[in-house]
Every structure is written in structure tokens, then in C-alpha cells.
Amino acid sequence: MPIRHFLTLMDLSAEELKQIIERAIELKKLRNQGIMTELFRGKVLGMIFEKSSTRTRVSFEAGMAQMGGSALFLSPRDTQLGRGEPVEDSARVISRMVDMVMIRTFDHQILKRFATYSRVPVINALSDSYHPCQLLADIQTYVEHRGSPDGKVVAWVGDGNNMCHSYINAARLCGFELRIACPQGYEPDGNLVAAGGGQVKVVHNPVDAVRGADWVATDVWASMGQEREQQVRTRAFEPFMVDHQLMRHANSNALFMHCLPAHRGEEVSADLLEDGEVSVVWDEAENRLHAQKALMEFLQEHSA
């Protein structure tokens, strides 16, 4: 059986994605009932962080502990990944000592190179190109609140970044229409948009994207590593803040999501973020834990 990696959502079939979401919901219910599984007893997750994070570290580390395993946190100060040692050599060594590897990095090629030489499953916990783990949580959240996203309309408002790219992949797997609203010059990768076919459309007016949407999502305007662009981006994205006024163009039962951390008053208004009738960001954040547990279980079961 070949090793299964999770570098983008497209590493899964539509049916496999559905199975993972269903299992994530089941694991969440079990935890809420105080029922713990120990499927990862004796298993170790190596967590390599080149980019810092709150939700990623806590969710993966807590998830391993709750399922009887353990996790090793490796910061840039703790490894030679891509510096004193080639990525390929790090993969050969680390994958002989742990059962899975999670990497949060800048260059997506690092993940691909590591996975090529790894003996164990490799998980993309974020790269500059994709953020598939967050989409697992987002999809789970929508399913819990509204049911299947198949046939729905999703609006992405903001930068054509790694989150946007993963939403494009999600549209292909889940069968929803994705409308992307971004300023000129900040569009997502054209090849990914083309791969989405008629399910993906790019516009430059937020109202055009949100009109009739069932699910609206956004992200910060300047991601980690883009801090020098903050002022320029703030001017470009100012008309793209998601607030109650914009949400009025969506369907009456539309949900709002944000992968966090959020900059209140920039990409989202403070009152919308805290509106428990519309915003499901706290459920979305918690679901990183459950979705990733289901993902790791799937990768273990489907790898040699």
C-alpha cells in the first residue's frame, strides 16, 4: 500500500473527503460525551514549524494526546530543514523516527520534496500555496450547521491566497459554486481557477460575489511574510471588508467564516465576527482539532 500524503485537498477523492468529514463529526461527538479513543497509542507526530501558529500547534498536539499518541514540536531553531541539511535528507531521517509528519512552511515545494522521500504520511499544515487542513474544518462546520455544501454558493472575499486556492479545490470536490471577489492584481492562480471550470468565478466587486451566497469567507489582507505590503494592501482591500451591510446581499441563513486570527475593522467588522447568529468562526476554529484527528486516522489506515 503506498504512503498517502495530504498536501492539498486534491490528494483526496470526493468520497474520501466526505468520509473524513463524517468521521470528524463523530469524533467531536465522542469527545463531548467524554469518550476517548486511543487509536494513536505509541504513535508520534513530528510537527515542523517554519511559520508560527496558535491553532495549528494546539489542535495537532491536543489531537494526538486525546487519541493516545504524542507530538514533537520542532521550530526553525530546532531543525536543519533546508539550511544545513537538504530537505530530502531531513525527510529520510525524521520519517524513520516518527509515524506522521506535519509541516507548516512558506514554500510549497518544501512539502513536495519532503513527501517524496518520507516513509510516513506528510500533512500540509499550511504553505504559501494551500491551507487544506483549514478547509477540512470549514467544510465540517458548514455540514454541522447547514448540511451538505453540494449545490450551494460560496463567496470568498479578499486576497487570492492559499486559503482561496484551497477553497477552489474544495469547490471541485464538494460541488459548490465559488465566487471570488478580490482587487485587481490580487487574483488567485489562474491555472487553479481554470481547473475549477464553471464552478469558479473571479469578480472584483464584493457584492457580486456575495449576492445569494450561502457561505461567506475571508482572511487577513496581508498574510505572514507580507507585512511590508500591509499599507499598500490596506488601501487596495478597503472596499472588501465583510460586514453586516455586505452580508445582507447573501441568503438570509448564510454563514460567515474566517480562519483566524482576525483583524477587526479590516477584513471583517467586529460586530459581524461576534454575531453568533451569522458567524461560526469559533466552531470553525475548534473543528481544526476534530477534522485533523479524522485526517490523521485516515492517513494511518490508508498507508503502508
Side-chain angles (χ1 to χ4, degrees), residues 5-14 16-17 20-21 50-51 53 55-56 102-115 122-142 149 152-204 206 209 213 215-226 229 233 236-237 240 242 257-261 267 284 288 291-292 295:
H5 303 296
F6 184 66
L7 306 188
T8 79
L9 281 175
M10 303 312 294
D11 287 322
L12 304 173
S13 68
E16 288 172 338
L17 174 59
I20 289 172
I21 298 303
E50 290 194 305
K51 278 188 172 184
S53 171
R55 278 152 293 280
T56 298
M102 177 231 84
I103 303 177
R104 184 177 170 93
T105 188
F106 292 88
D107 186 357
H108 191 73
Q109 291 302 314
I110 289 176
L111 280 156
K112 295 176 74 172
R113 289 164 59 193
F114 195 104
V122 175
I123 298 170
N124 177 6
L126 178 141
S127 70
D128 283 348
S129 298
Y130 300 98
H131 196 359
C133 286
Q134 182 64 57
L135 261 293
L136 293 181
D138 290 14
I139 296 165
Q140 178 187 343
T141 304
Y142 189 86
K152 301 299 184 181
V153 175
V154 179
W156 173 263
V157 180
D159 192 16
N161 60 9
N162 51 3
M163 278 293 296
C164 181
H165 289 166
S166 287
Y167 263 94
I168 293 173
N169 287 342
R172 295 170 63 187
L173 290 174
C174 296
F176 58 75
E177 176 188 346
L178 177 64
R179 302 176 192 157
I180 301 165
C182 52
Q184 293 277 358
Y186 295 94
E187 295 88 353
D189 182 274
N191 291 327
L192 282 174
V193 174
Q199 289 176 258
V200 179
K201 181 180 180 180
V202 177
V203 299
H204 297 101
W215 169 359
V216 179
T218 191
D219 190 10
V220 296
W221 293 337
S223 299
M224 194 177 301
Q226 298 174 332
E229 304 175 30
R233 283 174 169 267
F237 283 90
F240 290 79
V242 184
M257 297 192 201
H258 191 307
C259 60
L260 302 178
E267 74 277 0
E284 179 188 4
R288 287 288 302 276
Q292 287 161 188
L295 170 67

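Quick note: residue numbers are just sequence positions, from 1.
Annotation: ring pair (Phe, Tyr, Trp, His ring centres under 6.0 Å) contacts of Y142 (sequence neighbours excluded): W215. Remark: A170 engages L9, L135, I139, F176 in a side chain to side chain contact (heavy atoms under 4.5 Å, CB included) (not counting sequence neighbours). The side chain to side chain contact (heavy atoms under 4.5 Å, CB included) check on A137 picks up Q134, N287, R288, with sequence neighbours excluded. For E177, the side chain to side chain donor-acceptor pair (under 3.5 Å) partners two or more places apart in sequence, or in a different chain, are R179. With sequence neighbours excluded, the residues forming a side chain to side chain donor-acceptor pair (under 3.5 Å) with H258 are E267, listed by chain and number. Taking the salt bridge (charged side-chain N to carboxylate O under 4.0 Å, His left out) definition, one finds that R55 meets it with nothing, sequence neighbours left out. Listed by chain and number, the residues in a side chain to side chain contact (heavy atoms under 4.5 Å, CB included) with A291 are A24, L136, Q140 (sequence neighbours excluded). For Y186, the ring pair (Phe, Tyr, Trp, His ring centres under 6.0 Å) partners two or more places apart in sequence, or in a different chain, are F237. For N124, the side chain to side chain donor-acceptor pair (under 3.5 Å) criterion is met by no residue, not counting sequence neighbours. In terms of the side chain to side chain contact (heavy atoms under 4.5 Å, CB included) criterion, residue partners of S129 (sequence neighbours excluded) are, by chain and number, H108, S127.
Taking 4.5 Å as the limit, every side-chain heavy atom of P188 sits out of range of all side-chain heavy atoms of W156. Put simply, the side chain of L178 does not reach to within 4.5 Å of the side chain of V153, judged on heavy atoms. Counting heavy atoms from C-beta outward, D219 and D159 have side chains that stay 4.5 Å or more apart. No side-chain heavy atom of E50 sits less than 4.5 Å from a side-chain heavy atom of R104. Side-chain contact between I103 and V122: present, with at least one pair of heavy atoms (C-beta onward) separated by less than 4.5 Å.
Between P149 and C174, the shortest heavy-atom distance links the atoms CG-CB, 4.0 Å. Between H131 and S166 the shortest heavy-atom distance is N-OG, 2.9 Å. Scanning both residues, P132 and L7, for their nearest heavy atoms gives CG-O, 3.7 Å. Residues V202 and C182 come closest through the heavy atom pair CG1-SG, 4.0 Å. When every heavy atom of Q199 is checked against every heavy atom of G175, the shortest pair comes out as NE2-CA, 3.6 Å.
Here E284 contributes atom CD and T141 contributes atom OG1; the two are 5.5 Å apart, rounded to the nearest 0.5 Å. Atom CG of N161 is separated from atom CH2 of W221 by 13.5 Å, given to the nearest 0.5 angstrom. Put simply, CE on M102 and OG1 on T105 are 10.0 Å apart, with the number rounded to the nearest 0.5 Å. Rounding to the nearest 0.5 angstrom, the gap separating the CG atom in L126 from the CG atom in N162 is 5.0 Å. Rounded to the nearest 0.5 Å, atoms CD (E16) and CG (L295) are 11.0 Å apart. Rounding to the nearest 0.5 Å gives a distance of 11.5 Å between CE of M163 and CD1 of I168.
In summary, K51 and D128 engage in a salt bridge, as defined by a charged side-chain N under 4.0 Å from a carboxylate O.
At least one donor-acceptor pair under 3.5 Å links the side chain of T218 to the backbone N or O of V157.
Sequence neighbours left out, not one pair with a member in residues 192-204 passes salt bridge (Lys or Arg N to Asp or Glu O under 4.0 Å). Pairs passing the side-chain hydrogen bond (donor to acceptor under 3.5 Å, both in side chains) check and including a residue from residues 187-198, sequence neighbours excluded, read E187-H204.
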* Passes side chain to side chain contact (heavy atoms under 4.5 Å, CB included), I180 versus V200? Steps please. -> CA-CA 8 Å; I180 301 165; V200 179; 3.8 Å; yes
